[in-house]
Amino acid sequence: MEYKTTVAIVRTADYEGLDAAVAEALSLIGADRYIAPDDTVLFKPNLLMRIRNACTEADFLAAVARFIRPLNANLKAGDSPGQFRHRAASVMRGVGMDAVLEAEKIAYAEFESGGVLVENPKARHMKRFHIAKPVVEADCIVNLCRPKSHIEAAYTGAVKNYWGIIPGGEKARCHLHGRNPAEFGHVLADNYEAFLAQGKKRIVVMDARKLMEGPGGPANGFMRPVGLVLAGYDEAAVDMVMLAIGRIDGVRAVPHLAACRERGLGVTDMDEIEIKGLSIETVQLKRKAGITSTTTASLLNNFIARTVIYKYMRRMPVLKKKETCVMCGDCFNICPNRAIVWEKQQTPVFEKEKCVSCLCCVECCPQQALEASPAGLSGFFLKYPEITPPHPEQTT
Ligand code: SF4
Ligand code: SF4
């Protein structure tokens, strides 16, 4: 059978020799010839919360940036954690990534201020949603993922890392499409399919120095030393190889990889993946990787997330300082879901039923007239928002 993609496997000590391992892995797949000097290169780390093990580590971003910088000086980095308290810049500060951005001259890319509407009639669930602008504008995406167990998706690695391209609070709404693990697998595949349709250059560099295991993943699992760096061009292939190293058949164990196989997204057939560097057999773990099973725990988690946490915790805009509003319409223009009614010489009115809690309006208001308030108990009486096309009068 002919190979469709390549994945490199390289050993590294925990924190020493990381630069050399990253350079070797990227050289093995020929990344130095793949990146053009005038490309806009966007690093997409996995930023979840201000916990080091829950995120791509700052030194890993630094090591990859040091390899790419001589090839290309136009580097950016961003993500959308999509949670309520800590947004990307805050999470970056919490895990020391802000210092790396400064030291390696990487520009911060804002993922959470609105996005570009994408439509995918072939999608199972997410036929219309937004992708963060920096992703749409970049030429090459460098996916900096790490392997972790995941209470809802069983495993998160390269494919699931693109969940962060959905801006801010809209991700919470998109989550609602997946009512069980199999459905959520197709939701993640919908997102991956829409990303692939953007036609970007893609590089995946997986920080497999450690694997997060157990039901606490993806935030608070147990860290198991693995001592590897993986690199490739196909996200599904990198995930399949990582799971094979953990003695797991990704298509059987992970719903979103099963959905990718069913829909022909990425490379999920191990026979079609060329391995460079070390062989899987050489580095295979002695004990099977402890990723989460998608059974009772995930169903319960999903039910609670849908019925309680999202409705109660979601934050919505409120015109707190009406007297300072200059009726400029900036909030109306940026709203991705037509949730604001505004006419010239009038203050905006918010339609809560349509609000996707992205809070773009709050951020863009030049007068700081808007504030974000938790929906609280009133959230239980709101329907889940549907995605609507842009308003014909919107100017952005
Ligand atoms: S952006 Fe702010 S100042 Fe402008 S209309 Fe909206 S609330 Fe008023
Ligand atoms: S009204 Fe809601 S959906 Fe519209 S920009 Fe504000 S937070 Fe986002």
Side-chain angles (χ1 to χ4, degrees), residues 78-90 109-119 126-136 163-177 191 306 309-396:
D79 191 13
S80 170
Q83 47 156 339
F84 299 98
R85 283 172 49 212
H86 299 300
R87 310 195 90 193
S90 166
E110 174 58 60
F111 274 40
E112 293 159 313
S113 304
V116 177
L117 181 69
V118 291
E119 301 193 60
M126 293 188 358
K127 296 190 191 302
R128 303 170 64 85
F129 65 103
H130 296 85
I131 290 182
K133 267 189 205 144
V135 175
V136 176
W163 194 235
I165 67 174
I166 303 172
E170 186 174 339
K171 197 189 312 191
R173 183 195 61 78
C174 292
H175 241 284
L176 304 175
H177 289 296
N191 182 53
R306 283 176 60 79
I309 298 173
Y310 175 74
K311 288 191 164 192
Y312 188 81
M313 296 282 291
R314 65 188 288 208
R315 294 197 300 162
M316 310 187 84
V318 178
L319 183 55
K320 271 273 159 83
K321 300 173 197 155
K322 198 169 180 180
E323 68 286 356
T324 62
C325 173
V326 291
M327 305 171 198
C328 63
D330 284 1
C331 53
F332 165 83
N333 279 319
I334 205 165
C335 178
N337 210 37
R338 284 204 208 187
I340 299 176
V341 179
W342 169 79
E343 286 180 22
K344 288 190 176 71
Q345 309 304 321
Q346 289 192 15
T347 52
V349 176
F350 296 89
E351 294 194 70
K352 288 188 171 180
E353 296 282 355
K354 292 185 184 170
C355 178
V356 295
S357 300
C358 64
L359 302 181
C360 298
C361 53
V362 178
E363 285 179 2
C364 85
C365 175
Q367 298 294 107
Q368 285 85 47
L370 303 175
E371 284 183 15
S373 285
L377 289 175
S378 67
F380 288 103
F381 300 101
L382 293 173
K383 286 185 195 157
Y384 295 125
E386 295 295 327
I387 286 287
T388 50
H391 197 287
E393 288 173 23
Q394 280 180 317
T395 57
T396 56

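Remember, it's 1-based here, ligands and their atoms both numbered in the order they're listed. These numbers come from a predicted model, not from an experiment.
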Cys361 contact mode with ligand 2 (heavy-atom cut-off under 4.0 Å) |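 Both backbone and side chain.
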
Considering non-hydrogen atoms of the protein only, which is the closest contact for [atom], and what is the distance?
atom: atom 2 (Fe) of ligand 1; value: Cys365 SG, 2.4 Å
atom: atom 4 (Fe) of ligand 1; value: Cys328 SG, 2.3 Å
atom: atom 6 (Fe) of ligand 1; value: Cys331 SG, 2.4 Å
atom: atom 8 (Fe) of ligand 1; value: Cys325 SG, 2.3 Å

Do Glu110 and Lys133 have side-chain heavy atoms sitting under 4.5 Å apart?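 In short, these two side chains do not touch, never coming nearer than 4.5 Å.
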
I want to check something: taking the side chain as every heavy atom from C-beta on, are Pro81 and Glu112 in contact at a cut-off of under 4.5 Å?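 In contact.
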
**Message:** Suppose I only count heavy atoms of Gln367 and a 4.0 Å limit; which atoms of ligand 1 are within that range?
**Reply:**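 Matching atoms, with element in brackets: 3 (S).
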
query: Counting each atom of ligand 1 from 1 as listed, which ones have a heavy atom of Gly329 under 4.0 Å away?
result: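 Answer, ordered by atom number: 4 (Fe), 5 (S).
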
Interfacing atoms of ligand 2 (cut-off 4.0 Å, heavy-atom, Ile340):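 Counting atoms of ligand 2 from 1, those under 4.0 Å from Ile340 are 1 (S).
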
Against heavy atoms of Cys335, which atoms of ligand 2 measure under 4.0 Å?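 Heavy-atom distances to Cys335 below 4.0 Å select 3 (S), 4 (Fe), 5 (S).
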
At a non-hydrogen distance cut-off of under 4.0 Å, which region of Pro366 contacts ligand 1 (side chain, backbone, both, or neither)?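 It is the side chain that gets close, since no backbone atom is under 4.0 Å.
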
Self-check item: Proximity of Leu370 to ligand 1 by residue part, where a heavy atom lies under 4.0 Å
Solution: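 Answer for Leu370: side chain.
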
Close approach, Val326 and ligand 1, non-hydrogen under 4.0 angstrom:
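True for this residue.
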
Practice item. Measure the spacing between CG of Leu370 and SG of Cys325 and express it to the nearest 0.5 Å. Key: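 Here the interatomic distance stands at 7.5 Å.
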
Counting only heavy atoms not in Glu351, do more than 12 fall under 6.0 Å of its CD?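 Above 12, so yes.
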
Tell me, please, if Cys355 has any N/O/S atom, main chain or side chain, under 2.8 Å from atom 2 (Fe) of ligand 2?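 Here the distance criterion (N, O or S atom, under 2.8 Å) is met by Cys355, so yes.
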
